[in-house]
Amino acid sequence: MSNNAKSVQSLEERAAALHFPASFRFGAATSSYQIEGGMDADGKGESIWDRFTRRPGVINDGSSGDVACDSYHRWPDDIALLREMGLGSYRFSLSWPRMQPDGRGKMNAKGIGYYDRLIDALLRDGIEPFVTLYHWDLPQELQDSGGWYDRETAHRFADYAELAVAVLGDRVKHWTTLNEPWTFAWSGHACGEDAPGFADGVRGGLAASHHALLAHGLAVPRIRGAAPGSDVGIVLDFNVVHAATDASTDMAAARRFEGVQNRWYLDAVFKGSYPEDILKLCAGLLPDIRPEDNATIAQPLDYLGMNVYRRSVIGAGSDLPPLNFARTNPPGRYSALNWEIWPQCIREALEYVHRDYAPQQIFITENGLATLAERPGADGRVFDPARAEYIVDHLEQVSKALASGVPVKGYFAWTLIDNFEWAYGHSAQFGLAHVDRRTLDRRLKYSGEIFGQIARNGR
Ligand code: IFM
């Protein structure tokens, strides 16, 4: 047997050895802008990503989500893939400007109809919808009046959340307010890599973060009011942060980085106040944080969604003053996005959050590997053993966290199908299924087959 065949065999044996409780949920995740296309179909309004992707040079390969995977029309193909893998849960997001084109006022019946059909079909197939209300596609109209720099946007989000839940909440039992406020606040407002493209440094990141968290806090009771008995949570993205060396300067930089990436959100949501060290460090750069905001943000939640991909190894440097950090890349394996592959990070993140914040339930709402876009081989199959291995490695760590008492209730792979990876366009892909960019036909990859086997046999 060749070495490749041996390593595939041992991977498949490790996949077969994975066991989770019967109630553990296996699913796949996507987001509206990354898969739907239908950019202006049926009355959809413009989003900040529709506008941002028009700027020359901001997307690696010059692509956009105008068509993406055309899931606006091909959603039955997406559901067929979920069925093929035997997944019992699907996490997707609503496009706010498809639901409510101007971000305020009138809802769009045709946009609601799209999600109605999707949800009904999922339920017919026994697949539980986990719905995110905001995965980065802010209505451009709201951006024009200040976007996440404007406190009013938080109120508009709460209004929209209530209206969306009122029409879909009879069938959807798991609601998420925001996906990854750290990323959309900082990449969109501090560094300018993502929409709306502001490079306003720490002041921008903190203002957008605070208003996003306020939006979350204002929305939670409105969601509960519109769909009593449903589970409500938020999805945060975690980097397990390690200091590059034992030098006190590196350790302090790692602590600052970890403060804005993790504790800023966790402390606000679970403890009702922002971390003192970050408030002190960033005094003078803070938005208007009113005394009552802390209580508004710290709503009791039914679950925390954790997106975990990597470890960040941080030393002292000059990025984003006064955070003054530098990312370092220790020797190891890296993804096509240059993210370190370090599977222990998922267990470390789960144990840290459980120990310090004790959410009632935790879902891994995203985890997956970016590779360069793959092509089917001569036999028509897309063989991506690196992604299959990534999933098995990380699930082994999740299972260890479970054994150590962390209430982790499910795992969603990112992502169902190769899609529009934000500033990377289609140059890097995370899909369990390949999408032919010409025909948009979907085809399960080897990683999807392995993940399906784990989902079917591993409980
Ligand atoms: O594609 C993104 C997703 O939209 C949010 N979490 C990280 C993924 C990979 O970059």
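When a ligand or atom number is given, it counts from 1 through the structure's own listing order.
Among Tyr90, Phe130, Phe92, the single residue meeting the ring pair (Phe, Tyr, Trp, His ring centres under 6.0 Å) criterion with Phe412 is Phe130.
Each of the atoms 1 (O), 2 (C), 9 (C), 10 (O) of ligand 1 lies under 4.0 Å from some heavy atom of Glu421. With ligand atoms numbered from 1 in the order given, ligand 1 contributes 5 (C), 6 (N), 7 (C) to contacts under 4.0 Å with heavy atoms of Glu180. Within ligand 1, counting atoms from 1 as listed, the ones closer than 4.0 Å to a heavy atom of His135 are 3 (C), 4 (O), 5 (C).
By the 30° and 60° cut-offs, the orientation of the rings of Phe420 relative to Tyr33 is perpendicular.
The nearest pair of heavy atoms linking Lys409 to Gln361 is CG-OE1, 3.6 Å.
At under 3.5 Å, a nitrogen or oxygen of Trp422, whether backbone or side chain, sits near a nitrogen or oxygen of ligand 1.
Nearest protein heavy-atom neighbour of atom 8 (C) of ligand 1: Tyr309 OH, 3.4 Å. The protein non-hydrogen atom at the shortest distance from atom 7 (C) of ligand 1 is Glu366 OE1, 3.2 Å.
Contacts between Phe420 and ligand 1 below 4.0 angstrom, taking non-hydrogen atoms only, are absent altogether.
A donor-acceptor contact under 3.5 angstrom links the side chains of Tyr149 and Asp200, judged on distance only. In this model, no donor atom of one side chain and acceptor atom of the other lie less than 3.5 Å apart for Asn262 and Tyr352. In the model, Gln34 has a side-chain atom that pairs as donor or acceptor with a side-chain atom of Ser31 under 3.5 Å.
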